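If you're wondering where the values come from, they're calculated on a predicted model, not measured in any experiment. All values below come from the heavy atoms of this structure, side chains included, with hydrogens, waters and symmetry mates left out.
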Amino acid sequence: MTGRSELRIKLAANAQEAQPVRHALGAFLSAIGIEGVRREDILTAAGEALVNAIEHAYDGRPADTDEIEIFARQEDGTGLVIDVSDRGRFIELAERPGRGLGLRIARAIAQTVSIDTENGTTVRMIFTT
Amino acid sequence: MTGRSELRIKLAANAQEAQPVRHALGAFLSAIGIEGVRREDILTAAGEALVNAIEHAYDGRPADTDEIEIFARQEDGTGLVIDVSDRGRFIELAERPGRGLGLRIARAIAQTVSIDTENGTTVRMIFTT
Amino acid sequence: MTSRSIEVIHLAGELDIARRSEISAALQVNGSEAGILVDCCKVTYADSTALAELLRFRNDAKNRQVPIAVLTGSTQFVRVIQYAGLNGVFEIFEHRAPALTYLSNAGKLP
Amino acid sequence: MTSRSIEVIHLAGELDIARRSEISAALQVNGSEAGILVDCCKVTYADSTALAELLRFRNDAKNRQVPIAVLTGSTQFVRVIQYAGLNGVFEIFEHRAPALTYLSNAGKLP
Ligand SMILES: Nc1ncnc2c1ncn2[C@@H]1O[C@H](COP(=O)(O)OP(=O)(O)O)[C@@H](O)[C@H]1O
Ligand SMILES: Nc1ncnc2c1ncn2[C@@H]1O[C@H](COP(=O)(O)OP(=O)(O)O)[C@@H](O)[C@H]1O
């Protein structure tokens, strides 16, 4: 019985998976006392990172299981940290009209959004609480 | 990005905490594909262990934070394992009418229920899936 | 007329430890009832805390010779009673009409 | 009478990537409308996929000179538009009547 509250879910790169994972994250946030607008915003930001991994990481290749992981945990002094990781390849953004909204939304909500593109993509979002 | 799907929540020994934690577990189970009767039964069993920790472990002493932890994870080959741990003292059961239902319910649902009473109480429930 | 009537007690939502005193207060029998229907149709979850209160209530009612029936559509509720080994301890109905018929027959209506 | 009328498109629930083609199919303009009200009152979540479709729809409508208005009570929906930097890009209303008034005035009703 050591450790902090945390949620880790492995999912396939499948559009149908985003909603139940958001719901699980939402109920987790409520259980650890994060409610209201803050909760809704965190779900929005995490939802964007999830959708990116589902949509871009494997870019058309068929979906397998465990291609994506979301890992949320409460860290003392930092707040809530959420990593969304995949084993795909980050696609550098050539500006396209109507695209680029997802990361913009995540950046507007999280205190920091950092993207690590070694060995797949990990988007780390920190939400100070 | 290693590891399995898991949920860990720290909670206070407070009757109000059981419901949101059950909800978080329920949404977690749905997200990892455990649905229907199986999901409902696992929630029932985990709910009993949680209620015991809330009710018995600290037996009247005032509630603090982080007194109880629930830790659920998918284990390859085993199924779903849920530990409910507290830092209290296990109270050996003197048979009382109308009591003893909780562990009976958990045992009827889980494949195994084991209770470790060193350093508080950990009730481990294994659900083969 | 002073004919004794069948009382209905409604319980709803998730019946867990946080609601024990509320459940306990709702499940009361005074002995003047012809029968009591415990309507659990809107119960979505019940744990051993709720079952213990139901058991206590059933014993109170038995002592006062008031028949009780439990109405429920929830499969979780029905299963948790089975898991607790309380099969056959309660008269459980899925539909209102047979529950009321049972209570009318079991009770000593004047 | 062949007067052009205000069309209403209803969207509901959680608008995310799984529903992109459904959202895309719903958000169509053919140019004969006097105006289009996108009723999102029952939308509980919208992500950038939904916003991208709304943007595309708004551009289609603009090209065909059909005014559109978005009706929403959801605070998540309003905030996600802000976070995306799309403030002022859509005409957003909380209530139906002012939305319809806006469309009536903006549209070229005969
Ligand atoms: N997990 C990922 N894997 C690969 N590429 C990604 C990933 N996340 C983001 N990207 C790249 O970053 C771009 C911007 O993402 P985003 O701001 O969410 O906008 P959108 O998804 O609408 O393009 C994507 O178009 C893609 O090229
Ligand atoms: N976490 C715990 N800490 C201390 N005692 C416990 C714990 N869990 C169970 N017990 C003991 O085991 C007994 C049986 O538990 P249970 O079968 O759930 O029935 P009940 O809670 O109705 O008494 C409890 O009465 C208590 O004495």
Q. Do you see a donor-acceptor pair shorter than 3.5 Å between the side chains of C:Q76 and B:E40?
A. no
Q.
Testing the basics here: between C:A18 and B:A15, what is the closest heavy-atom pair and its distance to 0.1 Å?
A. CB-O, 3.4 Å
(Q) Ignoring hydrogens, what is the shortest heavy-atom contact between B:D41 and C:Y83? Give both atom names and the distance. (A) OD2-OH, 2.5 Å
Q. Looking at B:L101 and C:A84, what are the two nearest heavy atoms and their distance?
A. CD2-O, 3.9 Å
(Q) So, using side chain to side chain donor-acceptor pair (under 3.5 Å) as the criterion, who are the partners of C:S32 when residues are at least two apart? (A) C:N30
(Q) So for C:R19, is it side chain, backbone, both, or neither that comes closer than 4.5 Å to the heavy atoms of chain B? (A) neither
Q.
Looking at every non-hydrogen atom in both residues, tell me the closest pair between C:G85 and B:R104 and how far apart they are.
A. CA-NH1, 4.2 Å
Q: Measure from the side-chain N and O atoms of B:E48 to the backbone N and O of C:S48, and report whether any donor-acceptor pair falls under 3.5 Å.
A: yes
**Q.** Contacts of residues 20-29 of chain B with chain C (heavy atom under 4.5 Å)
**A.** B:R22, B:H23
Q | Nearest-0.5 Å distance that lies between atom OG1 in B:T44 and atom CG in C:D47 | A | 9.0 Å
Q) Do C:L51 and B:I105 have side-chain heavy atoms sitting under 4.5 Å apart? A) yes
